[in-house]
> 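Dropping the structure in here first, questions after.
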Amino acid sequence: MKQFKQGDFLYGIPSSEESAKYHPEGERVFIFTGHITGDGYGILIGWHDHKICKSSGWRNFMWGGDVRKATDEEVEDFMRKVMYSEPIKNY
């Protein structure tokens with residue numbers, strides 16, 4: 001697995017066309033917790049069921065596919081969505 005640091009904004013790359021259906025283009029950026037397990041990369045704040053959610057624990061909310069660093073434009077779009085979202089619920 002690639003090395004990223006805690007707090008990096010990552011872009012989740014779906015592992016299949018089926019996965020891409022559940023993770024549309026505008027819902028793939030997340031803030032990395034710094035933890036990597038067999039389940040994937042830890043998500044501090046990211047997308048679940050088309051809503052922005054925060055993790056309820058260090059290893060509870062993971063991206064299981066490959067990732068890359070999000071571009072500045074992707075980060076800006078994500079931040080805008082976070083700022084204008086309803087209160088962020090735990091996942």
> If we only count heavy atoms from C-beta on, is the Arg68 to Ile13 side-chain gap below 4.5 Å?
yes
> Once salt bridge (Lys or Arg N to Asp or Glu O under 4.0 Å) is applied, do any residues pair with Lys81, and if so which ones, sequence neighbours excluded?
Asp77
> Which is it for Phe61 and Phe30 under the side-chain contact (heavy atoms from CB on, under 4.5 Å) test, yes or no, and what are the steps along the way?
CA-CA 11 Å; Phe61 192 13; Phe30 64 91; over 6 Å; no
> What pairs with Tyr11 under ring pair (Phe, Tyr, Trp, His ring centres under 6.0 Å), at least two apart in sequence or on another chain?
none
> If I compare all heavy atoms of Pro14 with all of Ser19, which pair ends up nearest, and what's the gap?
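Scanning both residues completely, I find the closest heavy atoms to be CB-OG, 3.7 Å.
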> Taking only residues two or more places apart in sequence or in another chain, which ones pass side chain to side chain donor-acceptor pair (under 3.5 Å) with Gln6?
none
> State, yes or no, whether a side-chain contact exists between Trp58 and Thr33 at a heavy-atom distance under 4.5 Å.
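Contact flag for Trp58/Thr33 side chains = yes.
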> Can you list everything that forms a side-chain contact (heavy atoms from CB on, under 4.5 Å) with Glu27? Sequence neighbours excluded, please.
Pro24, Trp47, His50
> Of all residues at least two apart in sequence or in a different chain, which pass the salt bridge (Lys or Arg N to Asp or Glu O under 4.0 Å) check with Lys69?
Asp8
> Side-chain heavy atoms nearer than 4.5 Å, only ILVMFWY residues, links allowed to pass through others: does that put Val67 and Met62 together?
no
> Within the structure provided, determine whether Phe4 and Leu10 are in side-chain contact (heavy-atom separation under 4.5 Å).
yes
> Which residues pass the side chain to side chain donor-acceptor pair (under 3.5 Å) test with Asn90, not counting sequence neighbours?
none
> For Glu86, which residues count as a side-chain contact (heavy atoms from CB on, under 4.5 Å) partner, sequence neighbours excluded?
none
> Indicate the atoms forming the closest heavy-atom contact of Ile52 with Ile45, along with that distance.
CG2-CG2, 3.6 Å
> What pairs with Ser85 under side chain to side chain donor-acceptor pair (under 3.5 Å), at least two apart in sequence or on another chain?
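Testing Ser85 for side chain to side chain donor-acceptor pair (under 3.5 Å), a comparison that skips the adjacent residues, returns none.
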> According to side-chain contact (heavy atoms from CB on, under 4.5 Å), who are the partners of Glu18, at least two apart in sequence or on a separate chain?
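Partners of Glu18 by the side-chain contact (heavy atoms from CB on, under 4.5 Å) criterion, ordered by chain and then number, come out as Ser16, Lys21, Tyr22.
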> Would you list the pairs meeting salt bridge (charged side-chain N to carboxylate O under 4.0 Å, His left out) in which at least one residue belongs to residues 46-60, sequence neighbours left out?
none
> Could you list the residues that satisfy side-chain contact (heavy atoms from CB on, under 4.5 Å) with Phe9, not counting sequence neighbours?
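Listed in chain order: Val29, Ile31, Ala70, Val75, Phe78, Met79.
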> Enter the distance from Tyr91:OH to Asn60:CG here, rounded to the nearest 0.5 Å.
9.0 Å
> With sequence neighbours excluded, tell me which residues meet salt bridge (Lys or Arg N to Asp or Glu O under 4.0 Å) with Glu25.
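Partners of Glu25 by the salt bridge (Lys or Arg N to Asp or Glu O under 4.0 Å) criterion, ordered by chain and then number, come out as Arg28.
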